[in-house]
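Have a look at the structure below before the remarks.
Hydrogens, waters and symmetry mates play no part in the numbers below; they use all other heavy atoms, side chains included. These numbers come from a predicted model, not from an experiment.
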Amino acid sequence: MNENEQSRPWSALIKEYIDSTGEQNKLLEYRQLLLADFYKSQLLTAKAPEEHDLKAFNKACKAAEKIKVTAKECDKLSLVYADFIGKAWIKGNAEQLARLQAKSCFYNIWICKALMQGDGVFPATHIAKLTHSSSGASSIFDRISAQDDRYLTTSSLRSPVIDGAYPNGALSKNVKFLMLDNGGLLSEEIYHGNSEPLSSFADDGQELASWMAGFNAIFNAPLKSDSLAKQVYFPVDGGYHLLTPLTSSATCQAIYDKCFSKDVKKQQEKDGKAVKAQTYSDHTYVRTTNTAKIATVASQPQNVSVLNGKRAGKVHLFSSQPPVWQSQLKAPLTKASYFDGLYLSRASQVNIEFIRDFIIRFNDLALSIKDPKRKKWLEKWVQSVFDEILDRVSYLHALPAGWSENSELTDEYQCFLDPYWQDQAFQAKRKTIDWQTVVRRDFAKWLNRWLVGKDKTFTATTAHRKLWQSFVEHQLRKFESQVQVNLAQSTQNLAEEV
């Protein structure tokens, strides 16, 4: 928020928001609603009369309880209210009734209505309905500022986006009123006892005090759980606690804004096209992988909370699996071929499964995999697998040059895995032998073995082997061209040192 917006009077901001609701034509309806609420609250204070009138009293009270607090039922509640006063079942409050009937300022009436409907309506960081959309458990506003770098908590967020909690989406306008931001939330101003934002709308100091007390009663309502809430049994000495985990909507929103919002997706798509076309982009290409989504509600996500509506009812999750153990890099000194006993990551294994299932499916349909569109899919998966192999080989290139001299690797694999060995005979050999063909051939054989699998439902053929070799030929050439650039630079550096 800029400085101009922060310096605006609260009264102007509140008027602007209430005007934006487009409800000015409902002044009479809302006043009737306030009167209906007054009548109903008075009727609930009715005290039992003498014993001979008890039957009539109970019958009248039950009938009154069934009348809903709506503008349409105001006249009916007014008649019952007058009847209860006439029978001395309630005392009534003529002064308060007169004040309500005399109200004519729409802004005042709107705020009174928001307070009247305020049960469970307030800004919050943790939303109970994110656990279950029908949960009636309490949401909370986490104001704790303590941080611990070992944990991701709501207080870890630099500028947390506050959500709005309510029993149903029809009350979203009320909570957005409390979420008005003028260098700080309106709800926080009220919470900390600053009545100035509301002062220009109250009829008098008494009403202003009642507003402050009413809103703070909502903000500080006793916490409650619900049968639909999640509960964790936590044993303690002599008993146990039942803990109710609440989802931090503020944290969910921070993750969404950073990784999954529409703007981020558009930028990722744009950057992805630049990567594919190998063109320059001034953005860092970031792709989130291994994520999951939870749908908090099947439809109308705004019924859960304000921010849940903006997230289209989805909570995005990152994997909480422990880190994969990274073993120390060891040179394949006892292997003749790099592909002997080679295992790749789960992602590459998934790609191999895609290749296998793809070919089997189209073979069963008697369709050729050489169709350009089908062939393109195969090429993508095979090249993805070979990319990981080249990535691993690049790590071996970082080992001290000449490490393969005393290994059992064949000449071809020495050329592939240890290219920076500054030995004239070795470098001459790299230029004369066709080591790239051997690497491509052995990769194709290795891939065929993986495709056959343990169940042997896939039949690997020579045609498959030749296809795999053709798919990775350009990749390997490109990889080698970078090696040549590095070698030339290294040779130049050595010459300058001499």
Take Trp211 and Asn108, measure what side-chain contact (heavy atoms from CB on, under 4.5 Å) needs, and give me the verdict at the end. CA-CA 11 Å; Trp211 283 356; Asn108 176 286; 3.6 Å; yes
For Leu54 and Asn58: C-alpha separation, side-chain torsions, deciding distance, then whether side-chain contact (heavy atoms from CB on, under 4.5 Å) applies. CA-CA 6 Å; Leu54 192 57; Asn58 289 335; 3.8 Å; yes
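Inter-residue side-chain proximity for Ile294 and Leu130 is flagged as unmet; no heavy-atom pair is nearer than 4.5 Å. Residues Ile352 and Leu451 meet the side-chain proximity criterion, which asks for heavy atoms closer than 4.5 Å. Two residues are said to be in side-chain contact when any heavy atoms from C-beta on lie closer than 4.5 Å; Ile255 and Thr251 meet this criterion.
Geometric assessment of Arg287 against the ring of Tyr285 yields a negative cation-pi assignment under the 6.0 Å and 45° thresholds. In this structure, Lys15 is positioned above the aromatic face of Tyr107, its NZ or CZ under 6.0 Å from the six-membered ring centre and within 45° of the axis. Judged by the 6.0 Å and 45° rule, Arg449 forms no cation-pi pair with Phe339.
Contact check on Lys173 versus Glu23 returns a salt bridge, with a Lys/Arg side-chain nitrogen under 4.0 Å from an Asp/Glu carboxylate oxygen.
Using a 30° and 60° split on the angle between ring planes, Phe358 and Trp381 fall in the perpendicular class, above 60°. Ring pair Phe84/Trp89 is perpendicular by interplanar angle, where above 60° counts as perpendicular and below 30° as parallel. Between His316 and Phe260, the ring planes lie parallel to each other; the angle is under 30°, not in the 30° to 60° tilted range.
Aromatic pair Phe443/Phe386: ring centres closer than 6.0 Å. Between Phe177 and Trp110, the distance from one ring center to the other falls under 6.0 angstrom. Taking the six-membered ring for Trp, Trp450 and Tyr343 have ring centres closer than 6.0 Å.
Side chains of Ser248 and Thr154: a donor-acceptor N/O pair is present below 3.5 angstrom, by distance only. In the model, Asp263 has no side-chain atom that pairs as donor or acceptor with a side-chain atom of Gln267 under 3.5 Å. For the residue pair Glu388 / Ser345, a side-chain donor-acceptor distance below 3.5 Å is found, with atom types taken as modelled.
Listed here is the closest heavy atom pair of Ala229 and Ser225: CB-OG, 3.8 Å.
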